[in-house]
2 protein chains.
Amino acid sequence: MGAEVATANMTASQLYAALKRDLIDGRFAAGQKLAITALRQRYGVGLSPLREALNRLAAYGLLEQENQRGFRVPALKRAELDDIADLRRRLEGLALTQALQAGGDEWEAGLLAAFHRLKRADGTPGQLEHWEQMHLQFHRHLLEPCGSAWLLRFIEQLHDQFDRYRRMAPANDTIRERLNVQHGQLVELAMARDVPAARALLEEHIRLSHEVARGACQEDRTRVEERG
Amino acid sequence: MGAEVATANMTASQLYAALKRDLIDGRFAAGQKLAITALRQRYGVGLSPLREALNRLAAYGLLEQENQRGFRVPALKRAELDDIADLRRRLEGLALTQALQAGGDEWEAGLLAAFHRLKRADGTPGQLEHWEQMHLQFHRHLLEPCGSAWLLRFIEQLHDQFDRYRRMAPANDTIRERLNVQHGQLVELAMARDVPAARALLEEHIRLSHEVARGACQEDRTRVEERG
DNA sequence: CCATAGTAAAAAATCGATTTTTCATATCAT
DNA sequence: ATGATATGAAAAATCGATTTTTTACTATGG
């Protein structure tokens, strides 16, 4: 497992953020049980703040809490990924429609800026984590003005779940290039306020990401290996 | 505040359930800061399990966690209720469509049973909490076979949020009677697999509940008092 | 008189130790 | 030999005490 033994003290929310990042990034094996004592050392924190962070993550859906048996990283299940991707498509479709109607000039400016940062971050090796950040921020900004805080909350939650699969999946440069192109097209259609086209493209974008993310599932990997 | 000082020990999940129930039931004033020491006594538990439950509830959205300033009951805001109700309508609409396509014989049987229990529970004074349970179970059962665990999860979360408003609102017997009638009509349309009609009715049902729940918001109450 | 810095009280967060529960291994009876 | 039960080790959950942070109050200077 990771070698990062943080000696410096962290605040509670920093601990939560670090754990969340490591979970989405797949730094703990799916299905694995978390050893609390080991985590305590890894993050250099006491028991109480650690357990509180784990409880929050369990409520968020990034951990499973078993009766008196500690915390477990959820398994990566093909059926659940399909559910997550399907719902993402529908919810982000809703949000985009509203965002295109509500977004103002300031939003357009921010969208261009976010897209620019995303493009710059792409293709730079060793900067993967930075690209992930820019990518998340781009998609977040796109839907931001939709007007529903709860819808955005659920979309974010699904996005985090989805990323757990996507980051685990083997890279696919062909699809990745297509996805990158779509980001630019999304910006154009958003600026043009072309609701049906933008929505169709966003749904296609998620479908394509879904295709990549499937590579993270046990079932699919086995199937691929059997073929090869 | 409540007089219930539980002497018997509770498990962690019982404590979570009790706190959640009390929050949805409005037993803590909206906007109020929770005094941890008082809660410790009220539920008869130690600090650690209590804080863990509060953290979970904050992640769920039934509490707000401020930096190093403890936990606060979220205020009841008109705009947020509108958001919650609007999203409920859309998400439950989606789920119902799928549920009507997927639900089998066993589901139909269960739906009739749930409706029967709901009817029996109605109008019995002093059994309000029991009616609330049956009501929740009825709506849950209606959407159950929709096939998306995440959609059901979000719907449940929104339902809990919505109920915090509805239970706080003054009773309205006229509307309540109409809502009760709609439950029966929903069962009929569901059994007939009439997707468009069932969906329209469910959305109307939520719209009507929304009207009731609005009575919980400060702004609306003031407006009513000014008129009277 | 108002603003600001200092101080004491209160509350929240964290820690280390203790208790309880689970898990794995070995023993015994059938 | 197999299955059930007991026992010890390990892990999780809980507790009480300590430390840190916030808040309310007071005094002091402008």
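Just so you know, these numbers come straight off a predicted model, no measurement behind them. A note on names: the letters A, B, ... follow the listed sequences, proteins ahead of strands, and every chain is numbered from 1. All values below come from the heavy atoms of this structure, side chains included, with hydrogens, waters and symmetry mates left out.
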### Note, A/E132 side chain near A/D25 side chain (heavy atom, < 4.5 Å)
no
### Task
Using heavy atoms to find the nearest nucleotide of DNA chain C for A/S48 and A/Q68 separately, return the residue whose nucleotide is more 5′.
A/S48
### Task
Rounded off to whole Å, could you give me the CG-to-C1' distance for the A/N67 and C/dT21 pair?
10 Å
#### Entry: Along DNA chain C (nearest heavy atom to each residue), the more 5'-positioned of A/P49 and B/G70
B/G70
#### Entry: Minimum-distance nucleotide (side-chain atoms of A/I36 versus D/dT14, D/dA12, D/dA17)
D/dA12
### Task
Describe the nucleic acid contact of B/L54 in one word from base, sugar-phosphate, nothing, applying a heavy-atom distance below 4.0 Å.
nothing
### Query
Contact class for A/L50 (heavy atom, under 4.0 Å): base, sugar-phosphate, or nothing?
nothing
#### Entry: C/dA12 OP1/OP2 closer than 4.0 Å to side-chain N/O of B/R51
no
### Task
Anything under 30° is parallel, anything over 60° is perpendicular, the rest tilted; go ahead and classify A/H183 against A/H139.
perpendicular
### Task
Ignoring the backbone of A/R69, work out which of C/dC23, D/dT22, D/dT14 is nearest its side chain.
C/dC23
### Rounded distance [0.5 Å steps], CZ in B/R153 versus CZ in A/F154
10.0 Å
### Query
Quick one: are B/D22 and B/Y43 in side-chain contact, heavy atoms under 4.5 Å?
yes
### Task
State which of C/dT14, C/dT22, D/dA13 makes the closest approach to the side chain of A/E52.
C/dT14
#### Entry: Which residue lies more 5' along DNA chain D, comparing A/A35 with B/G46 via nearest heavy atoms
A/A35
